[in-house]
Enquirer: 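Starting off with a structure, shown below.
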Amino acid sequence: MPIVDPRTGAPLNTPEASQQPSGTQADPSSYIVDVDMSNFQQVVLEGSVNTPVLLDCWAPWCEPCKNLMPVLEKLAHEYAGAFVLAKLNIEEHQQIAAQLGIRSVPDVKLIIQGQLYDQFQGALPEHQIREWLAQYIEAPQDAPASPEEQAEAALAAGDAASARAIYQQLSQEYPDHYDYQIGLASAVLAEGNPEDARAILDNLPPEHRDGAKARGVRARLEFGEEAPDAEELAALEGRDDSEAQYRRALRQVADGQYETGLDALLALMKRDRAYGDDAARRTLLRVFDALGADHPLTVTYRRKLFALLY
């Protein structure tokens, strides 16, 4: 039995996408559906004329599929019928899989008005799936925070232990998504375990170990090691020379007082550009690495640095 477009009778292919329709279904049993040869045409192709269908092609032997399916089901419940999640076991329904051209799983296809709109392969992390899905279907306004957002919020609130637990779970579920391991290193560092954080970073593949996110965590780690301790800070009390100004700025950055530390480093550049072989400028660049290129402080202080240099 061929799988056909309900409007044209042609086999399912990848024509240009048409306008996304609207439509919802309120009953959970109607928006999470196991499909086979008996209902594929009705649920996926005919049903997608009114409501977008997310077709999850999976297999019982596929470990990434087992990680992905709960995420898709969670999103289906959140969207509450804005799309139908159709689950296809390719092991049991190889004829459909062959007609769809499935070569590996998980393979997720977005079907709208009987046509293939978009697709992705592999067990993507939740935040990436949310971003991908939001391109086509408006996300619910009351959607809960993703695990990544929860971890970031925990770190911002000083709850490094909760962030570490979240990143550990994510790293186990998605071992090839190395940003989670970098997040874990950041949480471990925030807990006060720099050597454990360094070990996590050192074990990353080179392209991730040397990437911007890992460099940022490593920079924070190094600031913590280089910054003066309480005894040295006390010894610097009352001093206003370049070395004292620089050492205090390091401590401020290591303690997360980024704006204060950046201001101090800029002031040192204006006062004594030659100190430490241009140490203030080089340290500013390291702080930008630690914060990330898109951080508001990075954007603001890059402009200030450029104005000072030119």
Side-chain angles (χ1 to χ4, degrees), residues 67-68 70-72 74-75 77-79 120 122-135 138-205 207-224 252-262 285-302:
N67 292 329
L68 178 62
V71 176
L72 297 180
K74 173 184 176 183
L75 292 172
H77 286 298
E78 285 181 18
Y79 276 72
F120 68 83
L124 297 183
E126 181 177 327
H127 75 98
Q128 289 188 14
I129 300 174
R130 287 180 180 276
E131 292 170 359
W132 176 80
L133 194 58
Q135 297 176 79
E138 184 177 358
Q141 294 183 352
D142 57 349
S146 68
E148 296 88 347
E149 292 169 336
Q150 293 175 31
E152 291 172 4
L155 276 177
D159 186 3
S162 293
R164 172 180 49 76
I166 294 171
Y167 280 125
Q168 280 179 329
Q169 181 66 31
L170 290 171
S171 296
Q172 292 171 3
E173 293 180 359
Y174 305 98
D176 295 330
H177 191 71
Y178 295 104
D179 281 358
Y180 291 147
Q181 296 183 38
I182 296 171
L184 176 59
S186 180
V188 168
L189 177 60
E191 283 190 296
N193 299 305
E195 291 309 313
D196 290 345
R198 190 193 306 276
I200 294 171
L201 296 175
D202 289 345
N203 285 328
L204 294 170
E207 64 271 22
H208 295 277
R209 185 177 63 234
D210 301 329
K213 289 186 177 181
R215 289 201 316 270
V217 179
R218 199 178 295 276
R220 294 198 297 274
L221 190 158
E222 292 169 352
F223 280 128
Q252 289 161 346
V253 169
D255 289 343
Q257 302 172 29
Y258 293 114
E259 192 164 5
T260 303
L262 288 167
L285 297 178
R286 291 172 57 204
V287 178
F288 298 158
D289 245 358
L291 293 173
D294 297 329
H295 194 285
L297 288 177
T298 299
V299 174
T300 298
Y301 280 86
R302 275 195 189 280

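What you see below is based on every heavy atom in this structure, not just the backbone, and it leaves out hydrogens, waters and symmetry mates. If you read the sequence from its start, that first residue is 1, and numbering goes on from there.
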Enquirer: Just to verify, what does Pro175 make a side-chain contact (heavy atoms from CB on, under 4.5 Å) with, not counting sequence neighbours?
Expert: none

Enquirer: If the condition is side-chain contact (heavy atoms from CB on, under 4.5 Å), which residues does Ala199 pass it with, not counting sequence neighbours?
Expert: none

Enquirer: Indicate the atoms forming the closest heavy-atom contact of Ala190 with Ala160, along with that distance.
Expert: CB-CB, 3.7 Å

Enquirer: For Phe288, check ring-ring contact (aromatic ring centres under 6.0 Å, His included) against everything at least two apart and list the hits.
Expert: none

Enquirer: Could you list the residues that satisfy salt bridge (Lys or Arg N to Asp or Glu O under 4.0 Å) with Glu78, not counting sequence neighbours?
Expert: Arg130

Enquirer: If you take all heavy atoms of Glu126 and Tyr174, which pair is closest and at what distance?
Expert: N-OH, 4.5 Å

Enquirer: Looking at Leu204, Leu170, Asp176, which one forms a side-chain contact (heavy atoms from CB on, under 4.5 Å) with Gln181?
Expert: Leu204

Enquirer: Can you list the residues that meet the salt bridge (Lys or Arg N to Asp or Glu O under 4.0 Å) rule with Glu195, with sequence neighbours excluded?
Expert: Arg198

Enquirer: Just verifying a value: how many Å separate Glu173 CD and Leu68 CG, rounded to the nearest 0.5 Å?
Expert: 11.0 Å

Enquirer: Do Leu291 and Tyr258 touch side chain to side chain, with heavy atoms closer than 4.5 Å?
Expert: yes

Enquirer: Which residues pass the side-chain contact (heavy atoms from CB on, under 4.5 Å) test with Asp179, not counting sequence neighbours?
Expert: His177, Ile182, Lys213

Enquirer: If you compare all heavy atoms of Pro194 against all heavy atoms of Leu221, which two are closest, and at what distance to 0.1 Å?
Expert: O-CD1, 3.3 Å

Enquirer: Distance from Asp202 atom CG to Arg209 atom CZ, nearest 0.5 Å?
Expert: 7.0 Å

Enquirer: Between Pro147 and Lys74, which heavy-atom pair has the shortest distance, and what is it?
Expert: CD-NZ, 4.3 Å

Enquirer: Who pairs with Tyr180 by side chain to side chain donor-acceptor pair (under 3.5 Å), at least two apart in sequence or on another chain?
Expert: Glu148

Enquirer: What residue pairs, at least two apart or across chains, pass side chain to side chain donor-acceptor pair (under 3.5 Å) with a residue in residues 291-300?
Expert: none

Enquirer: Show your reasoning for whether side chain to side chain contact (heavy atoms under 4.5 Å, CB included) applies to Tyr178 and Glu207.
Expert: CA-CA 10 Å; Tyr178 295 104; Glu207 64 271 22; 5.8 Å; no

Enquirer: Could you measure the distance from the CD atom of Glu138 to the OH atom of Tyr79? Nearest 0.5 Å is fine.
Expert: 9.0 Å

Enquirer: Drop me the distance from Leu124's CG to Asn67's CG, to the nearest 0.5 angstrom.
Expert: 12.0 Å

Enquirer: Could you report the tightest heavy-atom contact between Ala219 and Ala290, atom names first, then the distance?
Expert: CB-CB, 3.9 Å

Enquirer: Taking side chain to side chain donor-acceptor pair (under 3.5 Å) as the test, write out the residues that go with Tyr301, two or more places apart.
Expert: Asp263

Enquirer: Taking all non-hydrogen atoms of both residues, which atom of Gln150 and which atom of Ala145 are closest, and how far apart?
Expert: NE2-O, 3.0 Å

Enquirer: When you compare the side chain of Val188 with that of Tyr167, does any pair of heavy atoms fall below 4.5 Å?
Expert: no

Enquirer: Mark yes or no for whether Gln128, through its side chain, and Pro125, through its backbone, hold a donor-acceptor pair below 3.5 Å.
Expert: no

Enquirer: What pairs with Asp210 under salt bridge (Lys or Arg N to Asp or Glu O under 4.0 Å), at least two apart in sequence or on another chain?
Expert: none

Enquirer: Taking only residues two or more places apart in sequence, or in another chain, which ones meet Ala161 in a side-chain contact (heavy atoms from CB on, under 4.5 Å)?
Expert: Asp159, Arg164, Glu191

Enquirer: Mind checking what makes salt bridge (Lys or Arg N to Asp or Glu O under 4.0 Å) contact with Glu152, not counting sequence neighbours?
Expert: none

Enquirer: Rounded to the nearest 0.5 Å, what separates atom CG in Leu189 from atom CD1 in Ile200?
Expert: 10.0 Å

Enquirer: Could you give the distance from CZ (Arg215) to CZ (Arg218), rounded to the nearest 0.5 Å?
Expert: 10.5 Å

